[in-house]
Amino acid sequence: RKWVEYWYRNSVTSTKIENQMGCIVSHTDWAVDGIKIFELNPTLKLKYDFDFVESDKSLHDLTFTSDGNRFVSLMYHDDAISILEFNVNNQDNYEKIIKTNITYRENRIEKIHYITDKILSIINCTDIFLFDLENEVLLKQIKRDSLSPFHVTFNSIVYLKNNKVVDLKLN
């Protein structure tokens, strides 16, 4: 199998579909990132195989919508972070790219997560960024206590601001 020549760059992530998992990989022989989705039922089978051939850019983080049909990854390039949105039915290219004002040298990204199937959160050490993926805009940048704990799930983010717990609900 050709996909065994990759090494895994991020932890394996649930696609939200039973017995499926996704991950970002790098090829061991040539400098290319990729996104692979596997099904384990009962053996490991490659279901989605995307190679990102732009070698001066790299993919980081991966999160899936609630139904597992769409997902995003962050693209790092020239100290900028862009959001790449994918559809599992299109293995040839990403669906869209959303440029952000987030830099990766100054911001250590801790987590990305869909809040709804149209709103993505990107959480770094001090901020929570909420992006409307449908309209390709930043909805809100929320300050949080530096390096404080947080919890993010569909429709909710819990974080600390001024040492007080904030439970932000979105629908």
Side-chain angles (χ1 to χ4, degrees), residues 8-25 33 35-40 47-48 50 52 57-77 79-90 94-171:
Y8 303 95
R9 295 201 33 220
N10 289 103
S11 354
V12 174
T13 303
S14 169
T15 66
K16 314 297 188 279
I17 296 174
E18 187 175 351
N19 297 321
Q20 276 191 6
M21 60 205 131
C23 58
I24 297 173
V25 296
D33 290 349
I35 296 175
K36 310 296 181 203
I37 297 176
F38 300 97
E39 181 177 79
L40 181 60
K47 298 291 283 183
Y48 181 91
F50 172 75
F52 186 70
K57 301 171 175 81
S58 64
L59 298 177
H60 297 265
D61 303 297
L62 188 61
T63 188
F64 290 81
T65 57
S66 60
D67 64 7
N69 289 327
R70 299 185 73 74
F71 60 95
V72 298
S73 180
L74 300 181
M75 178 181 69
Y76 288 24
H77 175 63
D79 196 31
I81 294 175
S82 294
I83 301 166
L84 298 181
E85 187 173 27
F86 296 85
N87 183 322
V88 295
N89 295 319
N90 178 4
Y94 46 86
E95 298 279 307
K96 68 173 85 166
I97 182 170
I98 302 167
K99 297 187 187 296
T100 75
N101 62 350
I102 305 170
T103 60
Y104 62 84
R105 286 191 182 101
E106 295 175 5
N107 295 283
R108 187 187 76 195
I109 303 302
E110 295 186 9
K111 182 151 184 91
I112 67 170
H113 195 280
Y114 279 95
I115 301 300
T116 70
D117 285 344
K118 297 180 189 319
I119 299 174
L120 179 75
S121 67
I122 299 176
I123 302 172
N124 69 11
C125 299
T126 58
D127 299 280
I128 299 168
F129 300 90
L130 299 177
F131 286 91
D132 178 337
L133 297 176
E134 191 169 57
N135 297 308
E136 302 181 25
V137 296
L138 174 66
L139 292 174
K140 190 183 282 191
Q141 181 177 349
I142 303 166
K143 290 288 182 195
R144 69 183 188 97
D145 292 352
S146 180
L147 299 174
S148 64
F150 62 89
H151 177 73
V152 60
T153 186
F154 288 104
N155 301 319
S156 177
I157 302 174
V158 178
Y159 61 96
L160 288 178
K161 181 164 184 162
N162 300 323
N163 290 320
K164 293 189 174 136
V165 175
V166 177
D167 186 3
L168 176 65
K169 302 268 189 224
L170 296 166
N171 292 331

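Remember, it's a predicted structure, so these values are computed and weren't measured experimentally.
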Could you give the distance from [atom1] ([X]) to [atom2] ([Y]), rounded to the nearest 0.5 Å?
X      : Y      : atom1 : atom2 : value
Cys125 : Asp145 : SG    : CG    : 13.0 Å
Thr100 : Ile81  : OG1   : CD1   : 5.5 Å
Glu39  : Gln20  : CD    : CD    : 5.5 Å
Lys96  : Glu85  : NZ    : CD    : 5.0 Å
Ser73  : Leu84  : OG    : CG    : 6.0 Å
Gln141 : Ile122 : CD    : CD1   : 11.0 Å

Original post:
If every non-hydrogen atom of His60 is compared with every non-hydrogen atom of Ile24, which pair is closest and at what distance?
Top reply: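 Of all heavy-atom pairs spanning His60 and Ile24, the closest is C-CD1, 3.5 Å.
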Original post:
Which heavy atom in His77 sits nearest to a heavy atom in Tyr104, and how many Å separate them?
Top reply: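 Distance-wise, the nearest heavy atoms are N-CE2, 3.7 Å.
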Side chain proximity check, [X] to [Y], heavy atoms < 4.5 angstrom:
X      : Y      : value
Lys140 : Phe129 : no
Thr13  : Thr15  : no
Tyr48  : Phe38  : no
Phe71  : Val88  : yes
Leu160 : Val166 : no
Tyr76  : Thr103 : no
Val152 : Lys111 : yes
Leu74  : Ile83  : yes

[X] side chain to [Y] backbone, donor-acceptor under 3.5 Å:
X      : Y      : answer
Asn107 : Ile109 : no
Asp79  : Arg105 : yes
Ser156 : Lys169 : no

Original post:
Does a sphere of radius 6.0 Å around CG in Asp167 hold more than 12 heavy atoms from other residues, nucleotides or ligands, not counting ones at 6.0 Å or beyond?
Top reply: yes
**OP:** Decide if the gap between the ring center of Tyr159 and the ring center of Phe150 is smaller than 6.0 angstrom.
**Re:** no
**OP:** Please check if the distance between the ring centroids of Tyr114 and Phe64 is under 6.0 Å.
**Re:**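 Between Phe64 and Tyr114, which both carry aromatic rings, the centre distance is not below 6.0 Å.
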Going by atom types only, do [X] and [Y] share a side-chain donor-acceptor pair under 3.5 Å?
X      : Y      : result
Ser66  : Asp117 : yes
His151 : Thr153 : no
Asn135 : Asp132 : yes

Subject >> Arg144 with Glu110: basic N within carboxylate O range, under 4.0 Å >> reply: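 Salt bridge: yes.
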Subject >> Worked verdict on His113 versus Phe154 for ring pair (Phe, Tyr, Trp, His ring centres under 6.0 Å) >> reply: CA-CA 8 Å; His113 195 280; Phe154 288 104; 5.0 Å; yes
**OP:** Could you check Lys143 against Asp127 for salt bridge (Lys or Arg N to Asp or Glu O under 4.0 Å), going step by step and ending with a plain yes or no?
**Re:** CA-CA 5 Å; Lys143 290 288 182 195; Asp127 299 280; 2.9 Å; yes
Original post:
After noting the C-alpha distance and the side-chain angles of Ile97 and Met75, does the key distance pass the side chain to side chain contact (heavy atoms under 4.5 Å, CB included) rule?
Top reply: CA-CA 9 Å; Ile97 182 170; Met75 178 181 69; 3.4 Å; yes
**OP:** Go through the steps for Leu133 and Ile98 under the test side chain to side chain contact (heavy atoms under 4.5 Å, CB included), then give the verdict.
**Re:** CA-CA 8 Å; Leu133 297 176; Ile98 302 167; 3.6 Å; yes
Original post:
Out of Ile115, Leu170, Leu120, Ile119, which one pairs with Leu139 under the side chain to side chain contact (heavy atoms under 4.5 Å, CB included) rule?
Top reply: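 Only one option passes, and that is Ile119.
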**OP:** Show the numbers, then the answer: is there a side chain to side chain contact (heavy atoms under 4.5 Å, CB included) between Leu147 and Arg108?
**Re:** CA-CA 10 Å; Leu147 299 174; Arg108 187 187 76 195; 4.0 Å; yes
Subject >> Trace of the side chain to side chain contact (heavy atoms under 4.5 Å, CB included) decision for Leu130 with Leu168 >> reply: CA-CA 11 Å; Leu130 299 177; Leu168 176 65; 4.1 Å; yes
